[in-house]
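Single-structure report; data block below.
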Amino acid sequence: KLIEFDDEEGGMQIIKITDRGRQRILKITLDELVIKRPKSWDGKWRLVSFDLPEKLATTRKYLVGYFSAWGFYPLHESVYLHAWPCLKEVEFLREYLRIGEYVRMFLVSKIENDREFRKFFGV
């Protein structure tokens, strides 16, 4: 049920990807995403904050799971920190999970008492 076949056009069979097929492709793409460490740190922190309604508890678990796999530092219950550029990855994840309205990203130039974070990311 990932693809469907349509009638032939000009002697060629038409194959279409279903919504379920699109979701599967996006999931595979998402699972292959990584946040790459640049050669040098730009001195900026990437902060991701989210506030999902309780009805999206399962989605919240997926979100946190990806943040963990991508090496985010859990700053607070729904606030995660990263040292490397990750806007595209987070945008892709929130679009895939359909939670864009609940997730915000911040680019932060200074966090006081950041020794623990610098140690975590090796910067």
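Remember, it's a predicted structure, so these values are computed and weren't measured experimentally.
- Side-chain contact between Val90 and Phe72: present, with at least one pair of heavy atoms (C-beta onward) separated by less than 4.5 Å.
- A ring-ring contact (aromatic ring centres under 6.0 Å, His included) with His82 holds for exactly one of Tyr73, Phe121, Trp45; it is Phe121.
- Within the 6.0 Å centre-distance limit, the rings of Phe67 and Tyr80 are counted as a close aromatic pair.
- Without hydrogens or angle criteria, Ser78 side chain to Ser49 main chain gives no donor-acceptor distance under 3.5 Å.
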TODO: Given side chain to side chain contact (heavy atoms under 4.5 Å, CB included), test Phe50 with Val64 step by step and report yes or no.
DONE: CA-CA 10 Å; Phe50 59 91; Val64 169; 3.8 Å; yes
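- Judged by distance alone, the side chain of Arg104 and the main-chain N or O of Glu101 form a donor-acceptor pair under 3.5 Å.
- In this structure, Thr59 and Leu52 have side chains that are in contact, with non-hydrogen atoms separated by less than 4.5 Å.
- Across every non-hydrogen atom of Arg94 and Val103, the tightest pair is NH1-O, 3.1 Å.
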- [ ] Test side chain to side chain contact (heavy atoms under 4.5 Å, CB included) on Trp41 and Trp84 and set out the steps.
- [x] CA-CA 7 Å; Trp41 183 45; Trp84 320 132; 3.6 Å; yes
TODO: Would you please test Leu56 and Leu63 for side chain to side chain contact (heavy atoms under 4.5 Å, CB included) and show each step?
DONE: CA-CA 10 Å; Leu56 297 175; Leu63 180 66; over 6 Å; no
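- For Glu95, the side chain to side chain contact (heavy atoms under 4.5 Å, CB included) criterion is met by no residue, not counting sequence neighbours.
- Using a 4.5 Å heavy-atom cutoff, the side chains of Leu93 and Tyr62 are not in contact.
- Within a 6.0 Å radius of CG in Asp42, more than 12 heavy atoms belonging to other residues, nucleotides or ligands are found.
- Arg46 places a side-chain N or O within donor-acceptor distance of the main-chain N or O of Ala83, the cut-off being under 3.5 Å.
- Atom OG1 of Thr58 is separated from atom CG of Leu97 by 11.0 Å, given to the nearest 0.5 angstrom.
- Checked by atom type and distance alone, the side chain of Trp70 never pairs as donor or acceptor with a backbone atom of Gly65 at under 3.5 Å.
- Two different hydrophobic clusters hold Leu107 and Leu81 under the rule that ILVMFWY side chains link at heavy-atom gaps under 4.5 Å.
- How far CD1 of Ile35 is from NZ of Lys88: 13.0 Å, rounded to the nearest 0.5 Å.
- Between Cys86 and Met105, the closest side-chain pair of non-hydrogen atoms falls below 4.5 Å.
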- [ ] Could you please spell out the steps behind the side chain to side chain contact (heavy atoms under 4.5 Å, CB included) verdict for Phe117 and Ile111?
- [x] CA-CA 9 Å; Phe117 314 135; Ile111 298 177; 3.8 Å; yes
